[in-house]
Structure formats: structure tokens, C-alpha cells
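To start, the structure itself, in C-alpha cells.
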Amino acid sequence: MNFKIALLPGDGIGPEIVEQAVKVLNVIAEKYDHKFEYSEALVGAVAIDRTGNPFPDETYEICRTSDAVLFGAIGDPKYDNDPKAKVRPEQGLLAMRKRLGLFANIRPVKSYEALIHMSPLKSDLIKDVDFVVIRELTGGIYFGEPRGRTEDGNTAFDSCVYTRHEVERIVELGFKYARERNGNLTVVDKANVLATSRLWREVAQEISGRNSDVKMELMFVDNAAMQLIQFPKRFDVIVTENMFGDILTDEASVITGSLGLLPSASIGLQTSVFEPIHGSWPEAAGKNIANPLGTVLSAAMLLEYNGFSNEASAIEDAVARSLTEGVVTPDIDAKSKFGTSDVGDWLAGNIQ
Ligand code: IPM
Ligand code: MN
């Protein structure tokens, strides 16, 4: 079947990792008789350089009219070190989330046998870890108004805002995921301090009351941060607000031993976006050393979400084989002779 994929490589290592995912998608198309039609678009620092806007209207149009978006990474040190910059690459990511209505970010965290030795945690703690974090993505302190500075510049403020509707739709999604998995949902908040968290808790309890098939627990975020590294196996599905989810998913990513491996899906009102959870790693750009697996697995998620389950499994199996056979980039094995493109080629060949 004909399927339209928007490619947004972005900055730093983005282009080279997206290229590997496309290699893999191309052999999938051949093998399963699909036609994937790609349209490339600008986002991030490259988009600022060429158009002045980190998420140009043209990019939005391409995303909106595609069946799915595969995204690389954004970010450039020339903006990180300049807090006064008026336009920033990250604004492109936030604008994309808002304009496409991507209110849920799904980050699966799963340990791979071949990588267990790389985790900073003891191996018996992380063997068989398998949970999903659902992060709310278009609300909270990331977008709340008012925000800014007072006139004299000496006071700054951000607002954390959630509506009942925003909380309901994301918590409902948490219940749906838990129901399809092992039936356990952890709702993470800071209801002992924040008004928004008390709304989350109230809504979660209401939804729990009509969904007795799922066992819900409520947990404060500081406790969750601790339990994630102490007992990662106890989690099945976690649902939380935007900023808590940002922080907890970075924490969760090291459990598995490699940030380079984790994919994510951002879903919502329009086209869904699939992207690795790592950043643009500018120091590695163009050196053929970046790990393409997070992006390749994001392509697998893209297929899974769009009903191509066998195709997605074929990619996941090939990735698992590449890890067992040691066809990995230097971040996983410092002595490895395989670069970004070698891993992409190997995966494509292996799937074929
Ligand atoms: C992420 C990133 C972004 C976020 C940044 C780049 C704005 O850290 O996707 O987790 O904070 O959401
Ligand atoms: Mn983050």
C-alpha cells in the first residue's frame, strides 16, 4: 500500500541516523510490497539558518498531509550557550508538538540481554525490565501562560496550567495502555504541593473508579524518581505531566544501558511523530559514529502504530540480532569497527 512518511532529520547527527532508518524502511517496503513515499522537511537550527523559523509553515503542511513523521533530533550549541537568543531550535520542537496536537509522548523502556552489562544498575535489577512512560506533551509548565520577566528584568516566572480535559485524555490513555499490558498504572504527580497535581489526582481517581480492571497507584514524583532506579521492574505503565515526564524518561533511559536505543512516539490529534529520545549530539555529527538504533526502532514504532505489525517485528528482531552479534556503534562497544552506516547496512541486509 501507498504510505506517506515525512522525514525531518533536523540537526547534528539527525540526518545520518534518519538515513539509516530510511534504508531499513526501504527493504521493508520491498519485502512486504509497500510503497513508502518520503517528503523531507526542515526543523530546528537548520530551519532557522535557512528560513528564520525553527518550524516553518511548509514543514507543518508536509507533516499534516503525511501519514506519519520520522524525526531525527534538534539542537545546536550555538544556541545553548546564548540564553539571549530570540529564536531557538527547541522552539521548533515545541511548535511541532503544539500545532500537530501531539499531547501524548510514549516512551517504552525495555532491557536488552546483550546490553545489561552496560547499565549503571546491577544486572539482577534490570533484567526483564519492561515498562512504558506516557508523558503529557502539550500542557503544563512548557506552555502555560503567563510566562516571562517583569519589566525590570529581575524576576522571571513560568506557569504550570492543566485543564480537566487535558488530564482526562492522557490519563485515559494510560488506562488503555495498562489494560493492554499487565494491568498496572502508576500516576505520577506532586499533589502534596501543586494545584495542577491535585487536579490530576482527582481526575485519576474518578477514572479509576470506572476502570476496576486496571490497578492504579498514585505516586509522588520524588518517590517515583527513587523507585525507578531501585525497583524498575515494579513498573508497567507510568503516566505523568510534561515536565515530570521529561525528567523521568531521561532517568529511565539509562536503566537499559543505552540512551542511543530508545525510540518514542508522539501521538495526538493529527499526524503522529516518531523519534529517538536522544538529542542531536553535535560533536558527533558527520563522524559516522552515532548509534542509529533509536531511530530505527522509532521507524518500527511508526509501522506498529500504523498497523504494520509484522513489518515492525521484522525490524525489532533485526535490531536484537545486531546487538547479539556485536554489530554496534562505538557507544555500545568502544572497540567496534562498525559505524552508523555499517549498522544501517547490516540491518537492511539482515531484514532482506
Ligand atoms: C525531549 C527534549 C525536549 C523537551 C527539549 C529539546 C525541548 O528534552 O524531547 O525530551 O524538553 O521536551
Ligand atoms: Mn527531555
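Because the structure is predicted, anything quoted here is derived from the model rather than measured. First listed ligand is number 1; within each ligand, the first listed atom is number 1. We're numbering straight along the sequence, starting at 1.
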Surrounding CD of Q230 (heavy atoms of other residues, nucleotides or ligands, distance under 6.0 Å), is the total greater than 12?
yes

Under the salt bridge (Lys or Arg N to Asp or Glu O under 4.0 Å) test, which residues partner K98, sequence neighbours left out?
none

Applying side chain to side chain contact (heavy atoms under 4.5 Å, CB included) between I332 and each of V327, V343, L115, report the one that passes.
L115

Should we count CZ of R210 as having more than 12 external heavy atoms under 6.0 Å?
yes

Which protein residues come within less than 4.0 angstrom of ligand 1, counting heavy atoms only?
E90, L93, R97, R107, R135, Y142, D246

Sequence neighbours excluded, which residues qualify as side chain to side chain contact (heavy atoms under 4.5 Å, CB included) partners of I247?
M243

Is any side-chain heavy atom of T186 less than 4.5 Å from a side-chain heavy atom of F131?
no

Which of parallel (below 30°), tilted (30 to 60°) and perpendicular (above 60°) describes Y162 and W200?
perpendicular

2.8 Å cut-off (strict), protein N, O or S atoms about the Mn ion (ligand 2)
1

Do R169's NZ or CZ and the ring of F103 fall within the cation-pi criteria of under 6.0 Å and 45°?
yes

Is it the case that more than 12 heavy atoms not belonging to K110 sit under 6.0 Å from its NZ atom?
no

